[in-house]
Amino acid sequence: MKIGDYLKEKTPFLLLYALIFALLTVSFTLYLLPVLAVIYPMGLGLILVIGYLFLDYRVGKKRFAQLRELERKIQDLQRQMSDEQTKAQQRMDYYSVWAHQIKTPIAAMRLQLQGQDSDLSRQLGVELNRIEGYADMVMTYLRLDGDGTDYVFRQQDLDEIVRGAVRKFSGEFIARKISLNYAPLNQTVLTDEKWLSFVIEQVLSNALKYTPAGSVSIYMEPEQVLCIRDTGIGIAPEDLPRIFEQGFTGYNGRTDKKASGIGLYLCKRVCNDLGCSISAASQPGKGTVIRLHLKKVPLDDR
């Protein structure tokens with residue numbers, strides 16, 4: 001901050017002081033009073049004004065320097081944020097392209113397995129479903145953190161959504177001899193078919209992953225609550241409150257080194273966006289039940 005710029009800023013104040021001095025001088029002259037009587041106090045006042053301006057300039061200069069430094073830091077932060085946003089967008093673009101590209105070899109391998117009925121082909125089909133599920137998780141994660149989503153809410157037949165998810169895992173049910181208990185739900189819900197399918201598929205995938213033997217049951221409870229229950233290893237009581245947190249794997253995750261702690265976290269986020277909720281209850285060694293509290297549309301409105 002230069003002294004010239006500072007004085008220009010204080011020009012109205014200095015002009016006011018000069019005007020007061022001139023008015024007093026004219027008044028004293030008209031009334032034949034000693035002009036020195038006004039010059040002396042005004043001179044002392046001028047000294048005080050100069051002292052004030054000097055101190056104010058030093059304080060203002062210091063503040064100006066601090067503001068310039070703060071402005072420089074803000075600009076640096078803005079550049080860093082812009083660079084990070086660019087890098088983040090580049091990463092998202094890369095993973096989005098990867099997630100789409102990986103679908104091609106998955107589809108090719110699935111075609112090669114069609115028509116083959118053997119233990120090996122069924123096992124390969126199970127692993128292929130898992131790979132596809134992981135790719136879907138990546139795409140879902142990218143969409144949820146993107147600028148927008150493609151939610152389309154319509155009246156959907158819940159049985160069609162559930163049957164589609166079950167068909168996707170039918171090979172694993174057969175290969176691992178896990179029984180499925182499912183009867184028609186006869187429910188219509190207001191939801192997005194694709195996103196609700198993702199949630200149900202993730203819950204079924206977890207149920208199968210942590211059920212060495214036994215069964216998976218799909219049924220409705222009152223108040224339009226969709227339940228998916230398994231007879232698997234269950235969840236430790238201390239882990240249960242945190243299973244929907246991002247990256248949390250708990251005791252089961254420490255046992256299964258491949259667990260990511262992302263699936264249920266994504267389910268929670270999707271359910272929030274769909275206007276429904278998800279909860280879990282479990283007993284170690286007895287299994288787990290995941291409950292989806294869904295919106296319902298009366299059957300007459302279908």
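Remember, it's a predicted structure, so these values are computed and weren't measured experimentally.
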Set out, in order, the CA-CA distance, both residues' side-chain angles and the distance that settles side-chain contact (heavy atoms from CB on, under 4.5 Å) for Val199 and Gln202, then state yes or no. CA-CA 5 Å; Val199 173; Gln202 287 297 314; 5.9 Å; no
Does the pair Lys194 and Phe198 meet the rule for a side-chain contact (heavy atoms from CB on, under 4.5 Å), with working shown? CA-CA 6 Å; Lys194 180 180 69 175; Phe198 170 81; over 6 Å; no
Determine whether [X] and [Y] fall in the same hydrophobic cluster, where Ile, Leu, Val, Met, Phe, Trp and Tyr are linked whenever their side-chain heavy atoms lie under 4.5 Å apart.
| X | Y | value |
| --- | --- | --- |
| Phe153 | Trp195 | yes |
| Tyr219 | Leu294 | no |
| Leu128 | Leu120 | yes |
| Leu264 | Val289 | no |
| Leu274 | Val225 | no |

[X] (side chain) donor-acceptor with [Y] (main chain) under 3.5 angstrom:
| X | Y | value |
| --- | --- | --- |
| Asp230 | Val216 | no |
| Ser27 | Leu23 | yes |
| Thr86 | Ser82 | yes |
| Thr231 | Ser215 | yes |

At what distance, to the nearest 0.5 angstrom, does [atom1] of [X] lie from [atom2] of [Y]?
| X | Y | atom1 | atom2 | value |
| --- | --- | --- | --- | --- |
| Arg154 | Thr188 | CZ | OG1 | 15.0 Å |
| Lys87 | Gln85 | NZ | CD | 12.5 Å |
| Lys286 | Ile233 | NZ | CD1 | 15.5 Å |
| Glu172 | Thr211 | CD | OG1 | 9.5 Å |
| Leu158 | Leu226 | CG | CG | 5.5 Å |
| Arg291 | Ile278 | CZ | CD1 | 11.5 Å |

Less than 4.0 Å between a side-chain N and a carboxylate O, is that true for Arg72 and Glu69? yes
Compare every heavy atom of [Y] with every heavy atom of [X], then report the nearest pair and how far apart it is.
| X | Y | result |
| --- | --- | --- |
| Ile262 | Gln246 | CD1-CG, 4.0 Å |
| Ile161 | Ser197 | CG2-OG, 3.3 Å |
| Gly287 | Ser282 | O-OG, 3.0 Å |
| Pro241 | Pro237 | CD-O, 3.3 Å |
| Arg176 | Pro212 | NH2-CA, 3.7 Å |
| Ile200 | Ala165 | CG2-CB, 3.8 Å |

Full working for side-chain contact (heavy atoms from CB on, under 4.5 Å) between Ile218 and Leu204: CA-CA 10 Å; Ile218 303 175; Leu204 279 175; 4.1 Å; yes
Where do Val162 and Tyr182 land on the side-chain contact (heavy atoms from CB on, under 4.5 Å) test, with the steps shown first? CA-CA 10 Å; Val162 172; Tyr182 169 69; 3.8 Å; yes
Find out whether Cys271 and Cys276 are in side-chain contact, i.e. whether some heavy atom of one side chain is under 4.5 Å from a heavy atom of the other. yes
Return yes when atom CD of Gln75 has more than 12 non-hydrogen atoms of other residues, nucleotides or ligands closer than 6.0 Å, and no otherwise. yes
